[in-house]
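Below: the structure, in structure tokens.
These numbers come from the heavy atoms of this one structure, side chains and all, not from hydrogens, waters or symmetry mates. Owing to the predicted nature of the structure, the values given are computational and were not obtained by experimental measurement. Order of the sequence lines fixes the chain letters, A, B, ..., with proteins taken first and strands second; residue numbering starts at 1 for each chain.
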Amino acid sequence: MGLTRNRRKTDPEIVIARDTDSESSSSEEEEEEEDNYPVSESEEEEKPVKNGGKIELEKSKAKGKAPITVCKQPGHEAGFKGATYIDCPMKPCFLCKMPGHTTMSCPHRVVTSHGTLPTSHRNTKNPMEFVFKRQLQPRIPPIKPKYVIPDQVHCAVIRYHSRRVTCLEFHPTRNNILLSGDKKGQIGVWDFAKVYEKSVYGNIHSVQVNNMRFSPTNDDMFYSASSDGTVGYTDLETGTSSTLINLNPDGWQGPESWKMMYGMDINSEKGLVLVSDNFGFLHMIDQRSNNTTGEPVLIHKQRTKVVGLDCNPVQPELLLSCGNDHFARIWDLRKLQSGDSLNELKHKRVVNSAYFSPSSGTKIMTTCQDNRIRIWDSIFGDLDSPSREIVHSHDFNRHLTPFKAEWDPKDTSESLIVVGRYISENYNGAALHPIDFIDSSNGQLVAEVMDPNITTITPVNKLHPREDVLASGSSRSLFIWRPQEEKTEIEEEKKDKRIIICYGDSKKKGKKHKRGSDDEDEDDDMFSSRGKNIKLNKTQVKTTKSTRKTKT
DNA sequence: AAGGCATGTTTCC
DNA sequence: TGGAAACCCTGCCT
């Protein structure tokens, strides 16, 4: 049953254009931009001229050598043996968090149905459910379209950001413009059609960008919410930015009082920018005046982060929020009052994201830190328990941007979702972290997308609103994936020029990386060095083609 | 070039 | 309740 393994069937097409004309010209361009980066944090100053964005694979191997003892029992350990993770038998399964088995033998690890849990005690006789079935169901095509999976790296900017990517946003009308925010507060604007056209705005925020939205009334402007406690309103072309809210007008008074902006969405009907903070409050900005309206409303537990906001695409007065108090909540903006949500969706752990389905707005999907994606098939039905729970590895980790499962906005059946996977899989000796496409209506894994050159975890993913394009942020790099295409030789050639490698902090001290020195093995970028590594692994199995997975 | 460690957030007790 | 422990895949620095 249609599990397509979207791994390369042929040689990886992406070649790093090192020392070619195109590449060096790109690096010139690179420099120009990077000179404009403000160096805001002192730690940045101390960076060495050249840092090793080196070979993760070796690292993980190294890990095997220093096993972590995770229980008191002597001899019990956990860690990587090669590319395979071995768990401590005393700990609950790393995937589903249930005791009694290890990750390798987890029942949710079955290849085809990536661990859907059966519906529990659903009340199918609920009248609202009936109404839903009669009135709304007919609008949803019963036959699922054939999924087109963007499974090939089409272009990339390696080490584009100086810190890990935290959020992505496609331009609402210009198909090839991608916004990316990072941990440091910088925002990238990349035209991925003209691959080399990109810029980074470093003075909008001082720390982590958590969410970005384009203005529905002016395509050239976007909002951004940041952990610096501000909401920025920025001109896409010039980077000229104004601050619409600042929750820390008196500056740093210690961690107890420092406020941060997390969730953000726009209610275009009312012309409101909705933003949520780390103290449990919702703030509103009037788009016309660019000023706050009304008082902040407590929508989640006091002093907890409200990480996500989502306005219903059909009924914009319906707001979905989620946060660290283990709840997702549905609100009616017309009668928004603290404690007065329409519904409370309880979770076992922190809820990283909660989204209405993109076209009908009648489904809800949440990503929770208990390694489950939850689906409610109808907001009109029984919301006490989700319609489905899909066990999926997307653990919280301090080094990673929290994972969020995202709908495919183009899938009219509202079932295809994309989400990065935390736990690695042994693909012919290489530990890779695929990006999973899941049919959320049944939990089936539709495709696992990966590239042997990307060995980092990819927690940030977004599907294009109109085209078969996936954008993903992995560590400091951005990737654009498209479906496999017929390859002409011209295409092949072009591909060489589709990967941009940024030498990041190298120039901070006015010193250039050793570009001119005809660097033999100087590829400190992840794409090429990883590629090499994979080759090593391939030779082990005596083939230079196919990185076919050897999973059992 | 292998190893140390800063880092933040959540859960545990 | 607050303080401490845990943390499985970062990335930088020595």
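- Between the side chain of A/Ser440 and the main chain of A/Ile417, no donor-acceptor pair closer than 3.5 Å is present.
- One interatomic measurement links the two molecules: NZ of A/Lys301 to C1' of C/dT1, which rounds to 11 Å at whole-angstrom precision.
- Spacing between atom NE2 of A/His347 and atom C1' of B/dT10 amounts to 17 Å, rounded to whole angstrom units.
- Rounded to whole Å, the separation between the C1' atoms of C/dC8 and B/dC13 comes to 24 Å.
- Rounded to whole Å, atom C1' of B/dG8 lies 14 Å from atom CZ of A/Arg163.
- Taking atom NZ on A/Lys183 and atom C1' on B/dT9, their separation rounds to 11 Å, with Å as the unit.
- Shown for residues 396-404 of chain A: residues whose heavy atoms fall under 4.0 angstrom of DNA chain C, namely A/Asn397, A/Arg398, A/His399.
- Aromatic ring centres of A/Trp376 and A/His347: separated by under 6.0 Å.
- With rounding to the nearest 0.5 angstrom, the CG atom of A/Asn343 is 4.5 Å from the CD1 atom of A/Ile330.
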Protein N or O to nucleotides 11-13 of chain B N or O, pairs below 3.5 Å:
from   : atom 1 : to       : atom 2 : distance (Å)
B/dT11 : OP1    : A/Arg349 : NE     : 3.0
B/dT11 : OP2    : A/His326 : NE2    : 3.4

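- Between the CD atom of A/Glu256 and the P atom of B/dT9 there is a distance of 13 Å, given to the nearest Å.
- Centroid-to-centroid, the aromatic rings of A/Phe479 and A/Tyr160 stay 6.0 Å apart or farther.
- Although no hydrogens or angles enter the test, the distance criterion places no donor-acceptor pair under 3.5 Å between the side chain of A/Thr367 and the main chain of A/Ser353.
- The separation between A/Lys97 atom NZ and C/dA6 atom P is 16 Å, rounded to whole Å.
- Within a 6.0 Å sphere centred on NZ of A/Lys301, other residues, nucleotides and ligands contribute 12 heavy atoms or fewer.
- Atoms CZ (A/Arg303) and P (B/dT9) sit 14 Å apart, rounded to a whole Å.
- Residue pairs satisfying the side chain to side chain donor-acceptor pair (under 3.5 Å) criterion with at least one member in residues 254-265 of chain A, sequence neighbours excluded, are listed as follows: A/Arg213-A/Asp265.
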Query raised in the report: Would A/Ser472 and A/Trp481 satisfy side-chain hydrogen bond (donor to acceptor under 3.5 Å, both in side chains), going step by step from the backbone distance to the final call?
Result: CA-CA 8 Å; A/Ser472 54; A/Trp481 308 74; 2.7 Å; yes

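- Place A/Arg164 and A/Tyr422 on DNA chain C by their nearest nucleotides, and A/Tyr422 ends up nearer the 5' end.
- In this structure, NZ of A/Lys184 is placed 16 Å from C1' of B/dT7, rounded to the nearest angstrom.
- Both the sub-6.0 Å distance and the 45° axial angle are not jointly satisfied by A/Lys198 relative to the ring of A/Tyr196.
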